[in-house]
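Order of the sequence lines sets the chain letters (A, B, ...), proteins ahead of strands, with each chain counted from 1.
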Amino acid sequence: MRTSQYLLSTQKETPAEAEVISHQLMIRAGMIRKLASGLYTWLPSGLKVLNKVAAIVREEMDKAGAVEVLMPVVQPADLWEESGRWEEYGPELLRVKDRHSRDFVLGPTHEEVITALVRNEISSYKQLPINLYQIQTKFRDEVRPRFGIMRGREFTMKDAYSFHLDEESLAATYEKMYTAYSAIFTRLGLDFRAVIADSGAIGGSVSHEFHVLAASGEDDIAFSTESDYAANVEMAPAAKPETAASPSGETGETLAVKGETVSELAASAALSEAQMLRVTLVQGHQEEESSAESWVALVLRADHALNDVKAEKLPGVAVPLVKASDEKAKAILGCAAQFADATNLPVTTFVDYSAAAMADFVTGAGESGKLKTFANWSRVPEQADIRNVVAGDPSPDGQGVLEIKRGIEVGHIFQLGDKYSKAMNCGVLSESGKHQLLTMGCYGIGVSRIVAAAIEQNHDKFGVIWPDPIAPFKVALIPMNMHKSQRIKETAEALYDKLTGMGIDVLFDDRKERPGVMFNDMELIGIPHSIVIGERNLDNQQIEYKHRRTGEKQLLDIDAAADFIAAL
RNA sequence: CGGUGAGUGGCGCAGUUUGGUAGCGCACUUGGUUUGGGUCCAAGGGGUCGCAGGUUCAAAUCCUGUCUCACCGACCA
């Protein structure tokens, strides 16, 4: 491709709205343009990357025995009513009406459509198992789209759905997908981890997320320093301390403190948050007959964070978790939650294991602006694991301690079971001639998100540094002052033809620009390799090669250049 | 949905407090200059100041309403 015939659209200035580096660079390098919140146009070089990612995903899926289909973006509402998700899904599901006032949705995912398809197309156990996938546009009306393409409302996703007669078959395909996903992210050249996303009460892990490690990630992942244990922080269990501290017997005193938040209180009284308790009030289940609200108090060490997923599993706690407003907390506790006496609360109370193991701690004195010191549990409280693990906690598998890193979720594989096949009556005739419901797995990859994640992990102050497999172009051909020098023009044109003829993706910068402009643009776009043709080296029948990532330069004989590039 | 902030040529911004000819940088066009790291000079084109209403002789500026966008919290690939 020649830049003169291409849409390069690079820009010097960083748009004000772009917060994360991938978003900034995608706009500056001319990969995407925003149309509306969470909606982006893919410009040529962005699209080339997206297509390369999709091609790798497709190859590996095919290799793993999955079969490609393509389902509509617009889906009839009755399928969603059948699965129960018309009500269940919430406002993220964009609903539209057609000209006959019939309800449709813009597909955020395709379980309903694929289940309806399989229900009609597959009728015998002999056709199973089967794994169908597509690479297609999804629409989710996100509450808050952000970070550019990373969390857009419209995005490209690879979604696969497998159908099985039994759990063993499901587990086998799940395993295949796990392997395929690892192969995909390895080929993409990304530093990734597969993490446990749910080690549910059912036993065994039935879900894994694949995360690309990056400081800007939205998820916290806990790793063992010793073993290969890795889990989303939401899911990692915090161990119960083996021994509880014992009270010193010292008499506490009441402290007057200033501030609103617990950390302000701690600072004002020169206390460590690790010796303080934090009370959070959440909604309980409402009684069927009465509309009376019930509330549950959760007590943690003040330096620990409440884990919503764990809290939702407590008996009597409403799902999803609803935290009490300040006014509500005051009405129930008699004072703001941060001044409530955690050892003596008027509602059902769950104390986190590590908080329960404390002694001589600081908690509220039951009135505004007052804390009390050397407090202790008067009786053994109801305990549970309700906090997020922190770095240094013992690893749940007993090996080493945990370390926390940020990750960007780019893939998720899940053993679904019969949720959809049951609701939509999707089954086959078994060997014994009986109707049998199918069990399902589903496997997603955020194809467009991978593009952003790859940049988060691969950039420097000059711009993007694409891993070779997904670079929009493999090599940039940069002639110095081609418009003045006939022999540079001839050399560049000849090399361009040769490289193109070899099937190499080359971007030939034939603009009448100064060298600096070309260098900067090619680096910003992130082309992994470049060749500079200048008078200086041409006298020796040589050209210069430069590696984007390392900055390494070397001179090549003109005749050997094409083969050198091809071999990279 | 809650909290904060912002809407002025394609992009980044100033101007708004104290109403009075709409400005700067980048980008774009033309001419010249320069030529291995975003040259320099000159001339130019391009803006209903988010939208609607109001106040006023006069509104980017004041008032009211409204829409959009970004950032921080609960969901997700």
Below 4.0 Å: OP1/OP2 of [N] and any side-chain N or O of [X]:
| X | N | answer |
| --- | --- | --- |
| A/Arg146 | B/C71 | no |
| A/Ser37 | B/A70 | yes |
| A/Arg144 | B/C71 | yes |

Figure out the [atom1]/[atom2] separation between [X] and [N], and round it to whole Å.
| X | N | atom1 | atom2 | answer |
| --- | --- | --- | --- | --- |
| A/Arg151 | B/A77 | CZ | P | 10 Å |
| A/Leu93 | B/A77 | CG | C1' | 16 Å |
| A/Leu7 | B/A27 | CG | C1' | 14 Å |
| A/Asp159 | B/A77 | CG | P | 11 Å |
| A/Phe185 | B/A77 | CZ | C1' | 9 Å |
| A/Phe155 | B/C75 | CZ | P | 17 Å |
| A/Glu13 | B/A27 | CD | P | 9 Å |
| A/Leu306 | B/A74 | CG | P | 11 Å |

Residues forming a ring-ring contact (aromatic ring centres under 6.0 Å, His included) with A/Tyr496, sequence neighbours excluded: A/Phe508

Classify the nucleic acid contact of [X] as base, sugar-phosphate or nothing, counting any heavy atom under 4.0 Å across all strands shown.
| X | result |
| --- | --- |
| A/Gly148 | nothing |
| A/Lys484 | base |
| A/Val410 | sugar-phosphate |
| A/Pro479 | nothing |
| A/Glu513 | nothing |
| A/Asn232 | nothing |

5'-most by nearest nucleotide on RNA chain B - A/His412 or A/Glu17: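 In this pair, the answer is A/Glu17.
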
A/Gly152 or A/Lys34, whichever maps to the more 5' nucleotide of RNA chain B: A/Lys34

When you compare [N] with [M], how far apart are their [atom1] atoms, in angstrom units rounded to a whole number?
| N | M | atom1 | value |
| --- | --- | --- | --- |
| B/U29 | B/C71 | C1' | 38 Å |
| B/C63 | B/U17 | P | 9 Å |
| B/U8 | B/C49 | C1' | 4 Å |
| B/A52 | B/U68 | C1' | 14 Å |
| B/A60 | B/G23 | P | 13 Å |
| B/G25 | B/G38 | C1' | 14 Å |
| B/A27 | B/A59 | P | 36 Å |
| B/G9 | B/G47 | C1' | 4 Å |

Euclidean distance, A/Leu556 CG relative to A/Asn537 CG, rounded to 0.5 Å: 10.0 Å

Nucleotide of B/C13, B/C75, B/C72 approaching A/Glu92 most closely (side-chain heavy atoms):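 Comparing B/C13, B/C75, B/C72 against the side chain of A/Glu92, the answer is B/C75.
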
Closest nucleotide among B/G12, B/G36, B/A77 to the A/Pro15 side chain: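 Minimum distance to the A/Pro15 side chain belongs to B/G12.
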
Taking any strand in view, what nucleotide pairs with [N] in a Watson-Crick or G-U wobble way, both distances under 3.5 Å?
| N | result |
| --- | --- |
| B/C1 | B/G73 |
| B/U34 | none |
| B/A22 | none |
| B/C49 | none |
| B/U68 | B/A6 |

Polar side chain donor-acceptor pair, A/His459 to A/Glu456, under 3.5 angstrom: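 Side chains of A/His459 and A/Glu456: no pair found under 3.5 Å.
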
A/Arg514 and A/Asn481: side chain donor to acceptor below 3.5 Å: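 Their side chains do not contain a donor-acceptor pair, so the 3.5 Å distance test is not met.
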
Partner of A/Tyr545 by side chain to side chain donor-acceptor pair (under 3.5 Å), out of A/Gln554, A/Lys553, A/His529: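 Exactly one pass, corresponding to A/His529.
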
Ring geometry between A/His208 and A/Tyr174 (parallel below 30°, tilted from 30 to 60°, perpendicular above 60°): tilted

A/Phe185 and A/Phe192 aromatic ring geometry - parallel, tilted or perpendicular at 30°/60° bounds: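 Geometry flag for A/Phe185 against A/Phe192: tilted rings.
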
Test side-chain contact (heavy atoms from CB on, under 4.5 Å) applied to A/Ser485 and A/Glu535, A/Met480, A/Glu490, the passing residue: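 Between A/Ser485 and the candidates, side-chain contact (heavy atoms from CB on, under 4.5 Å) is satisfied uniquely by A/Glu535.
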
Audit row: A/Thr3, A/Leu507, side chain to side chain contact (heavy atoms under 4.5 Å, CB included) steps and yes/no: CA-CA 7 Å; A/Thr3 48; A/Leu507 185 60; 3.8 Å; yes

Option passing ring-ring contact (aromatic ring centres under 6.0 Å, His included) with A/Trp80 (candidates A/Tyr89, A/Trp86, A/Tyr420):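 So the option named by the test is A/Tyr89.
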
By side chain to side chain donor-acceptor pair (under 3.5 Å) - contacts of A/Asp220 (at least two apart):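 With sequence neighbours excluded, A/Asp220 shows a side chain to side chain donor-acceptor pair (under 3.5 Å) to A/Arg406, given in chain and number order.
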
Ring centers of A/Tyr178, A/Phe210 separated by less than 6.0 Å: yes

Any residue meeting salt bridge (charged side-chain N to carboxylate O under 4.0 Å, His left out) with A/Arg387, in chain and number order, not counting sequence neighbours: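 Testing A/Arg387 for salt bridge (charged side-chain N to carboxylate O under 4.0 Å, His left out), a comparison that skips the adjacent residues, returns A/Asp352, A/Asp393.
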
Flag if over 12 foreign heavy atoms under 6.0 Å of NZ, A/Lys176: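 Not buried by this count: 12 neighbours or fewer within 6.0 Å.
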
Summary of protein contacts for nucleotides 37-51 of chain B, nucleotide by nucleotide, where a base hit scores B, a sugar-phosphate-only hit scores S (4.0 Å, heavy atoms): BBB------------

Interface residues of residues 54-65 of chain A with RNA chain B (non-hydrogen, below 4.0 angstrom): none

Of residues 532-541 of chain A, the positions that come close to RNA chain B - non-hydrogen atoms, cut-off under 4.0 Å: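 The answer is A/Val532, A/Gly534, A/Arg536, A/Asn537.
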
Any side-chain heavy-atom pair of A/Arg85 and A/Val105 under 4.5 Å: no

